[in-house]
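Position 1 is the first residue of the sequence; numbering continues from there. Both backbone and side-chain heavy atoms feed into the values below; hydrogens, waters and symmetry mates do not.
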Amino acid sequence: VEKMSKEVIELELNLYRPCDFLQVFFLGLLKDLLVLLKERAIGVHETPFQPLFRHILGTYVVRYVGAEPQALKDWARPTVGCICKDCRTLNAFLSSTTETSRRFARKKERRQHLKQQVSWSSFDFEEDKRALVITKNQEYSHKQHQEWLKREDTAKKEIGEMTTDLLKDLLLDLYEPIISLSANEVA
């Protein structure tokens with residue numbers, strides 16, 4: 001149990017497939033352990049089971065659920081990595097906290113390069129024969145929040161299946177933050 005606790009702490013997670021292994025393997029393990037501990041009336045105070053449950057569920061809340069994404073405070077967006085002349089102009093637009101739209105008068109190949117740099121969903125594009133107009137929108141923030149809501153819903157179901165008095169004894173002071181999925185309190 002102690003070895004597994006250490007492995008969870010050191011677990012490197014793929015950001016594109018958050019916590020698949022943690023969710024499938026470790027949460028299933030915890031559910032089975034809860035049943036066994038309860039059936040056999042095994043005491044859990046000051047046992048390796050407490051740090052195991054605290055680490056796995058804490059890691060799950062922090063890394064899988066995460067903190068609720070906040071609405072964007074201004075119009076600034078992440079800049080692009082390319083340092084060509086066009087992208088430096090694009091980065092000035094992207095980093096602006098107030099500018100929501102800009103016209104880029106460029107040849108077709110250069111317009112295409114700019115579009116590829118910012119092809120994610122927080123932009124609208126209008127193009128004619130001589131220019132590309134890029135407009136910032138709130139869709140990216142909305143999409144992040146929708147994805148978080150799905151993760152939160154999944155986590156509520158997963159952890160809800162484990163909610164017992166025994167889990168309170170295992171999690172101690174982390175019970176409320178974990179049950180409420182408060183990543184900021186757990187971290």
Taking the six-membered ring of Phe123, is the NZ or CZ of Lys136 close enough (under 6.0 Å from the centre) and on axis enough (within 45°)? no

Nearest heavy-atom neighbours spanning [X] and [Y]:
X: Ala67; Y: Asn184; result: CB-OD1, 3.6 Å
X: Ala131; Y: Arg111; result: C-CD, 3.4 Å
X: Asn91; Y: Cys82; result: ND2-O, 4.0 Å
X: Pro69; Y: His145; result: O-CD2, 3.7 Å
X: Leu132; Y: Lys115; result: CD2-CG, 3.7 Å
X: Gln50; Y: Asp169; result: NE2-O, 2.9 Å

| message | Is there a side-chain contact (heavy atoms from CB on, under 4.5 Å) between Gln116 and Gln112? Walk through the geometry before answering. | response | CA-CA 6 Å; Gln116 288 173 341; Gln112 190 61 33; 4.1 Å; yes

| message | Working note: Val186 + Thr59, criterion side-chain contact (heavy atoms from CB on, under 4.5 Å); need CA distance, chi angles, decisive distance, verdict. | response | CA-CA 8 Å; Val186 174; Thr59 299; over 6 Å; no

Taking the side chain from [X] and the backbone from [Y], do they hold a donor-acceptor pair closer than 3.5 Å?
X: Arg130; Y: Ala105; result: no
X: Arg102; Y: Ala92; result: no
X: Thr47; Y: Gly43; result: no

Exercise for the section: Starting from the C-alpha separation in whole Å, work towards a yes-or-no answer on side-chain contact (heavy atoms from CB on, under 4.5 Å) for Leu94 and Val80. Expected result: CA-CA 9 Å; Leu94 294 175; Val80 300; 4.0 Å; yes

Over 12 foreign heavy atoms within 6.0 Å of [atom1], [X]:
X: Glu126; atom1: CD; result: no
X: His113; atom1: NE2; result: yes
X: Ile83; atom1: CD1; result: no

Q.
What I want to find out is whether Arg54 reaches Asp173 closely enough, with some N-O distance under 4.0 Å, to be called a salt bridge.
A. yes

One should read off an interatomic distance between Leu27 CG and Ile159 CD1, to the nearest 0.5 angstrom, of 7.0 Å

Here the gap from Leu114 atom CG to Thr89 atom OG1, rounded to the nearest 0.5 Å, amounts to 8.5 Å

Would you sort out whether Leu181 and Lys156 count as a side-chain contact (heavy atoms from CB on, under 4.5 Å), showing the intermediate values?
CA-CA 8 Å; Leu181 305 176; Lys156 281 180 181 177; 3.5 Å; yes

- Determine whether Leu167 and Ile178 make a side-chain contact, defined as any pair of heavy atoms from C-beta on separated by less than 4.5 Å. no

